[in-house]
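Keep in mind that what you see is a predicted model, and the values were worked out from it rather than measured.
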Amino acid sequence: MSDLSHLAEGYRERAMWADKERIAWIRMDRWLGFPKAEVVRKTLDGMLRYPPRTRMPCLLIYGQTGMGKSRIVERFEAENPRGFNEATGTATIPVVAVQLPPQPTDGEFYGEVLEKLGAGFAGRGDVQRARQLTRRLMGQVGARMLILDEINHMLACTPRQQRVFLNTLRYLANDLQIPLVCTGNHEARAALLTDAALAERFDAVELVRWQNDEPFRLLMVTLAAILPLRKPSQLEEERCRTAILDLSDGNTGRIFRLAETLAVRAIENGTERIEVGDLDADDLVLPSVSMKALAQRRGRGRAKAAVA
């Protein structure tokens with residue numbers, strides 16, 4: 001058996017699986033915690049345990065697409081799953097998380113919440129009835145937090161519809177007396193702040209792009225220790241870290257996709273490791289943004305060679 005001491009102990013057995021099984025495992029969706037995500041999760045956990053009061057804490061999680069906002073929400077929801085109250089014969093849903101529809105009018109918003117509560121509501125045009133039903137069911141299921149993912153979708157609405165939607169959020173924050181959490185991009189943050197009364201209730205945390213610092217080095221160490229490759233990789237080395245940040249622009253989703261692509265390629269070509277030179281390979285399939293960065297880097301390299 002190969003020396004697999006470069007892998008974390010619980011992951012060494014996977015390195016001996018067949019190639020197809022290892023590739024399938026690499027491509028699976030999984031949670032890989034990092035410091036900022038853990039801070040957000042702990043914040044959400046504290047909010048979930050808040051006792052009811054007039055002004056409940058609210059939180060906006062924002063950042064560019066691909067920084068892991070939705071993944072954090074999914075993880076937190078999975079950690080606080082729905083259950084069943086045998087005494088009352090009703091479902092319990094401590095965390096109600098919904099993704100906003102592409103153009104979230106207040107009627108469509110209530111419809112999405114009701115769907116999540118298991119109460120499909122055909123009469124979505126009757127906003128008053130939908131609002132009353134939402135209030136009643138949120139209490140019945142013991143909801144203790146409402147999470148609205150992709151609040152930036154509200155920007156597709158007219159200015160008037162946006163105001164109505166913000167009024168709806170403020171109403172729910174007052175009426176339900178449970179924490180309200182929203183996720184979105186920087187534009188959504190600006191839109192949310194247009195309602196001064198609502199903005200006063202929200203704390204905000206930004207998921208910023210990765211930098212070439214110690215947390216990023218530790219992320220690379222973690223990836224190298226769990227990817228089922230049979231030889232040690234160079235992910236934590238300075239040149240490799242710099243190249244990955246260059247190609248991903250520090251975006252969490254792109255970093256993970258790039259690591260996945262490199263690991264699969266290492267299995268398929270038999271090298272069984274990720275090396276610095278792999279990031280310059282002509283046959284490496286990359287996200288379009290990464291391809292642009294790679295082309296620019298090669299252009300700079302050719303220019304330097306010509307000058308020399």
Side-chain angles (χ1 to χ4, degrees), residues 6 8 26 29-44 59-76 149-150 152 181-190 193 202-227 229 232-263 265-266 273-281 284-301 304:
H6 60 283
I26 289 170
D29 194 16
R30 68 177 50 79
W31 171 260
L32 184 60
F34 53 91
K36 197 59 174 284
E38 294 301 328
V39 168
V40 174
R41 287 178 58 219
K42 287 180 180 178
T43 301
L44 293 175
L59 182 68
L60 172 66
I61 308 167
Y62 71 101
Q64 68 174 184
T65 300
M67 290 305 299
K69 302 180 296 294
S70 298
R71 192 70 186 92
I72 292 172
V73 167
E74 292 170 1
R75 177 72 174 183
F76 186 72
D149 196 18
E150 301 289 1
N152 43 280
V181 177
C182 297
T183 77
N185 56 23
H186 294 80
E187 290 76 17
R189 174 178 178 268
L193 292 176
F202 275 84
D203 292 329
V205 58
E206 181 182 7
L207 297 180
V208 298
R209 291 180 295 182
W210 291 88
Q211 304 293 326
N212 198 356
D213 51 15
E214 183 63 12
F216 183 65
R217 189 189 72 81
L218 292 176
L219 178 67
M220 293 297 99
V221 169
T222 300
L223 282 173
I226 68 172
L227 291 172
L229 300 177
S233 294
Q234 298 178 339
L235 286 174
E236 70 170 297
E237 292 189 10
E238 176 69 24
R239 288 186 301 155
C240 198
R241 299 202 314 268
T242 300
I244 289 173
L245 285 172
D246 186 27
L247 291 174
S248 66
D249 195 29
N251 182 284
T252 305
R254 293 179 208 154
I255 289 170
F256 289 163
R257 283 162 56 199
L258 183 54
E260 173 188 308
T261 300
L262 291 168
R265 187 173 180 274
R273 63 184 306 196
I274 299 171
E275 300 178 288
V276 175
D278 295 334
L279 291 155
D280 286 318
L284 182 62
V285 178
L286 296 169
S288 56
V289 243
S290 300
M291 291 173 66
K292 180 180 178 182
L294 184 59
Q296 291 173 341
R297 190 205 303 168
R298 287 174 175 164
R300 291 193 298 267
K304 289 180 181 179

Is any side-chain heavy atom of V205 less than 4.5 Å from a side-chain heavy atom of V39? no
Hey, could you give me the OH/CG distance between Y62 and L207, rounded to the nearest 0.5 Å? 9.5 Å
Find the distance between CD1 (I226) and CD1 (I26) and round it off to the nearest 0.5 Å. 9.5 Å
Side-chain contact test, heavy atoms from C-beta onward, threshold under 4.5 Å: evaluate it for T43 versus D203 and give yes or no. no
Nearest heavy-atom pair of L219 and F256: which atoms, and what distance? CD1-CE2, 4.0 Å
Would the number of heavy atoms belonging to other residues, nucleotides or ligands and lying under 6.0 Å from CD of Q211 be above 12? no
So which atom in R41 and which in F76 form the shortest heavy-atom distance, rounded to 0.1 Å? O-CE1, 4.1 Å
Flag, side chain of R209 to backbone of N251, donor-acceptor distance under 3.5 Å: no
Using 0.5 Å steps for rounding, measure from the CZ atom of F216 to the CG atom of L235. 8.5 Å
Could you tell me whether the side chain of F202 reaches within less than 4.5 Å of the side chain of C182, counting heavy atoms only? yes
Nearest 0.5 angstrom please: D278 CG to T261 OG1, how far? 11.5 Å
Minimal non-hydrogen separation, N212 against E238, with atom names: ND2-OE2, 3.0 Å
Atom of Q234, atom of V276 and distance for their closest heavy-atom approach: OE1-N, 3.0 Å
May I ask you to decide if I274's main-chain N or O and S233's side chain share a donor-acceptor pair within less than 3.5 Å? yes
Residue pair I244 / C240, side-chain heavy-atom distance below 4.5 Å: yes
Could you give me the CA-CA distance, side-chain angles and deciding distance for V181 and V73, then say whether side-chain contact (heavy atoms from CB on, under 4.5 Å) is met? CA-CA 10 Å; V181 177; V73 167; 5.7 Å; no
R217 side chain to E236 backbone, donor-acceptor under 3.5 Å: no
Return the CG to CH2 distance between L245 and W210, rounded to the nearest 0.5 Å. 9.5 Å
With a 4.5 Å heavy-atom cut-off, do D29 and R71 have their side chains touching? yes
Between E260 and R257, is there a salt bridge with N-O shorter than 4.0 Å? no
To the nearest 0.5 angstrom, please state how far the CG atom of N185 sits from the CD atom of Q64. 10.0 Å
Is there a donor-acceptor pair under 3.5 Å between the side chain of K36 and the backbone N or O of V208? no
Non-hydrogen side-chain atoms of L247 and L258 separated by less than 4.5 Å: yes
Here the pair of heavy atoms bringing K69 nearest to I61 is CD-O, 3.6 Å
Using a 4.5 Å cut-off on heavy atoms from C-beta on, say whether the side chain of H186 contacts that of E206. yes
Side chains of L227 and L262: closer than 4.5 Å at any heavy-atom pair? no
Between L279 and A243, which heavy-atom pair has the shortest distance, and what is it? CD1-CB, 3.5 Å
